[in-house]
Amino acid sequence: MATLLFELGAEELPSWYVQQGSEALADLLTTRLTTAGVEHGALRIFATPRRLAVTLQGVAATSARRSVTRRGPAERAAYGADGAPTRALLGFASSSGVDVGDLVIDDRGKGRYVYATTEVGGDATADLLVDLLASLVVDLPAPRKMRWGDVDTPFIRPVAWLVALLDDEVIPVEVAGVRAGRATRGHRFLHPGEIELDHADAYEGALRDASVVADRSDRRRLVTDAARAAAASEGLELVSDPALEDEVCDLLEMPVAVLGSFGDGFLDLPDDVLSTVMVHHQRFFPTRGADGRLAPRFVALSNNRVPDDTVVRGGYEQVLGGRLDDARFFWDADRTESLSRHAWSLSGIAFQKELGSMGDKVARIGTAARHLADVLGVSHDEAAILKAALPIFRADLATKMVNELPELEGTMGRAYALAEGQSAEVASALEDGVLPRAHGGRLATTRVGAILAVADRLDTLVGFFAIGRRPTGSADPYGLRRAAVGVARTAAAQGWRVPFKKLVDAAVAGYDGSDLVDRDVGAEVEAFVWDRVAALLAEERVPTSVVRAAVDGSRSIVGAARRAHLLEALMAREGFGDLMALYKRAANLGRQASERASVRSSHFRDDAEAPLFAALPDARRGVERLMAGIRKQLVPWDLGRRPERPLGDLDAAIAEVLHLKAPLDAFLDGVHVMVDDEDLRNNRLALLAEVAQVLRDLGALEHLGAREAKEAVA
Amino acid sequence: MRFQDIIMALDRFWADRGCTIVPPHDTEVGAGTFYPTTFFGALGADPWRVAGIAPSRRPADGRYGDNPYRFQYFYQYQVVIKPSPGDIQETYLQSLYHLGIDPGAHDIRFVEDNWESPTLGAWGLGWEVWMDGMEITQFTYFQQVAGIDCRPVSVELTYGLERLAMYLQGAKHAFDVEVAPGVAMGDLRRDFERQHCAYNFEHADPDLQRLLFDRFEVETERLLALELVHPAYEFALRCSHAFNLLDARGVLSHTERQGYIQRVRRLTEASAAAYLAGRASDAARAA
């Protein structure tokens, strides 16, 4: 058993790729080792801007001996009419390294095929690794690769060096113009030059000595600790920002915190403006004083430990000061005009050629938002907030500040609204209306803000679908998937139980009087958003079949989300999968029942009929209690982030539903439904239709079956 | 270090590393990337190493000299090397050392920054280089120029000279930067900047610029038909500048803007294709 070290040294990687790339490298390595039959033990992942690395302990010296079976051509394509092997069969035999006589014909559930079995394994791992490690560099997934020099293997940034060690032995990997050795590199400035590793186990310690914290979670902790300590040195509190900590962590190899300051005079700018300039433009952490207000101090994380940080701090302060000067200029200039005045300028900002200006869009959003308010029902106060917010919604898009700092859209709407004396509620609605800004970003929390956010995004979807700009494949130049995700997450988190179709209808109403939108557009937008709902539930690791059952069986988005988690829990119960298989048969037969038919016990003839009928009221009550239970237990949440608390306290209701299983089984097993006697037949069909109808409140259960139940349990 | 000394130091540094120091080109360009020595230099397979100061004009970026960092006329220092050397980051850091900046005493970072020029049909991946939080250099590996894959790949370094000098001299405004003993940047450029901003934003005649664009476009095509690639490309650059002036005047709608960008791109791509075709036939003749 040996330790493997593979380090891919690169010119500075994009910060967002550091963690993702290192995990992908580890996945790919372990998958390929497993495929190659090489047993291995504990894995460790290392990631900095200049390196992706893994160490793997307990790597077997040779690959395991095992037999591998390949499927070849179908039997009918394997032999000619004369019984002679076809060219396809000969090719398969030779590529498998097996004599034609040793091939086997077998039916393994896919029809009769030719199979070849070969004995493999016993190869030296050190030999296997030469090609295997090179293949990792070639195949490592990355969204956008590049080329450099005259190297032909693309990677996300130029590959600078490789280390490949199996214990103390160098694996001579050669890829991307680089030959692997035992030399890694330390910190770019604190420990320039190469470091020879005598053993794979020495990796982390050697880098630590060379001022590189290679373990990302260790480095992440150091970032947070150092930043907090720097703030605390002046009695300040660091404004916590996990996303910034992540980014900063992946922009350096050795964190050193520097506390800097800016002029007190800037403190009359809104906190959000100060924070944005510090965080987004400079990756500095803002700090707070004991009074909870921002302090004129910031914490920067340097990647260099210098004897005297006066110069570095002075540089940070000069750059930040320049940016804050700009921000102050915009803040003063923008406030010489009111938001409603800025709103006029929206007609000069293009939205999309066929769909008019931002002014046109905001007018449509107004119509859609008023319809939404009607459909969802709003209080008197909320209606007043909406009325005040609509004429100035997104007006900040026309301000200098947002033009210069686009990420402040919405935030400036709120700040300028407050500065001109609008109520806090109106101001918050203006900001909420632009949320979420990014995938996984913060959602609107106010009801009026959520209405604006959904109206805006549905208007975009309806408009772009109407002019035929649906996303195709992975391309989505207009951000329509992001818009749909925003709609789904907002509607779910708000717990809106009205049918989703009605929300789309409200947005379609915004286009009244235009001939752009025909009848089908609404349905297409609905389907598009439902697809995103399904994708978000899949992100919560709900099995696909359960997601389909929940989505197809629900009219509101929050309903689908709740059903998904209920059905997932039910499918994990003993017997529920079997009940679903029985449901499928009952529903198929029951579909033939006439709509008006009702069940009459006087028509019961078979012993299995009455018990099934008698079990129905309990089952119906069980289903109702389940539905009420999830409404109570599953407080609306942000879709895509699995609710942490597992469903509890549903046992009694589940038992009531499961009581249906035995009589239904007996019925389907013993009763001949399609008898000649029309009355008896119709009565039996009606009974099955009722069974299906009782259960169907739980979702589109035809997507579920016994097989999924086993998967869920496993 | 004075501004002129920075330029001379960079010239010396890159000349010592095998670059030919090329003087500035005399047609208006938005960035050093538009220089024929960069644009054509990045195409084809032959090795290429040039460096030099590249004055650039971006009419819309002017602020009448009020903003310490933003100007419609500014200096870049441009280095283009093909194929990109494996030690280019280290060499770049040495060039800072050569300017009196000890990388060991600062916080220097290579932060992802990807570059794209729709009018040149060009894009690349790389970084902006931060020194103590200030962006001082753009670092780009060209992937495509004029829609053509770059093989081998060139690396382009673009130093922001004003920022670098401000930092080195502790100046709060680019106009406060000392260029030569007793001569400030503002002495050379203050009136120039203010008057050009007035022209770009207020007085440029849009009808004239539209007319010029149309005529320059026709001229580019006429010259390309005559296989006069270099004059043709210069007229494409003039189209680009006319478009930049129209853009600064704020007279272009979104759609119109896209249209002009496409037209410039068509001209630069045609120039690149003609350039490569000419090189290929030269090679054939030589053989």
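Letters A, B, ... mirror the listed sequences (proteins, then strands); counts begin at 1. The figures here come from the full heavy-atom set of this structure, side chains too, leaving out hydrogens, waters and symmetry mates.
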In residues 65-73 of chain B, which residues are in contact with chain A at a heavy-atom separation under 4.5 Å?
B:Asn67, B:Tyr69, B:Arg70
Sort by residue number and list every residue of residues 116-134 of chain B having at least one heavy atom under 4.5 Å from chain A.
B:Trp123, B:Leu125, B:Gly126, B:Trp127, B:Trp130, B:Asp132, B:Gly133, B:Met134
Mark yes or no for whether A:Asp150, through its side chain, and B:Pro152, through its backbone, hold a donor-acceptor pair below 3.5 Å.
no
Looking at A:His187 and A:Asn303, would you say the former's side chain and the latter's main chain have a donor-acceptor pair under 3.5 Å?
yes
Taking atom types as modelled, is there a side-chain donor on [X] or [Y] under 3.5 Å from an acceptor on the other?
X	Y	answer
B:Gln89	A:Arg188	yes
B:Thr158	B:Gln76	no
B:Glu156	B:Gln78	yes

Kindly say whether the aromatic ring centers of A:Phe285 and A:Phe298 come within a distance under 6.0 Å.
no
Quick check, are the ring centers of A:Phe464 and A:Phe351 under 6.0 angstrom apart?
yes
Taking side chain as everything from C-beta outward and backbone as N, CA, C, O, which of these in [X] sits under 4.5 Å from a heavy atom of chain B? Side chain, backbone, both or neither.
X	result
A:Arg313	neither
A:Arg147	both
A:Pro14	both

Can you list everything that forms a side-chain contact (heavy atoms from CB on, under 4.5 Å) with A:Ala398? Sequence neighbours excluded, please.
A:His342, A:Ser345, A:Leu346, A:Ile349
Side chain from CB out, backbone as N, CA, C, O: work out which of these in B:Asp149 comes under 4.5 Å of a heavy atom of chain A, or both, or neither.
neither
B:Ile108 versus chain A, heavy atoms under 4.5 Å apart: side chain, backbone, both or neither?
both
Side-chain touch B:Glu162/B:Arg189, heavy atoms, less than 4.5 angstrom
yes
Considering only heavy atoms from C-beta outward, does the side chain of A:Val151 approach that of A:Trp148 to under 4.5 Å?
yes
Among B:Thr137, B:Leu157, B:Leu161, B:Ile6, find the one that has a side chain to side chain contact (heavy atoms under 4.5 Å, CB included) with B:Tyr77.
B:Leu161
Residues in ring-ring contact (aromatic ring centres under 6.0 Å, His included) contact with A:Trp331, at least two apart in sequence or another chain:
A:Tyr416
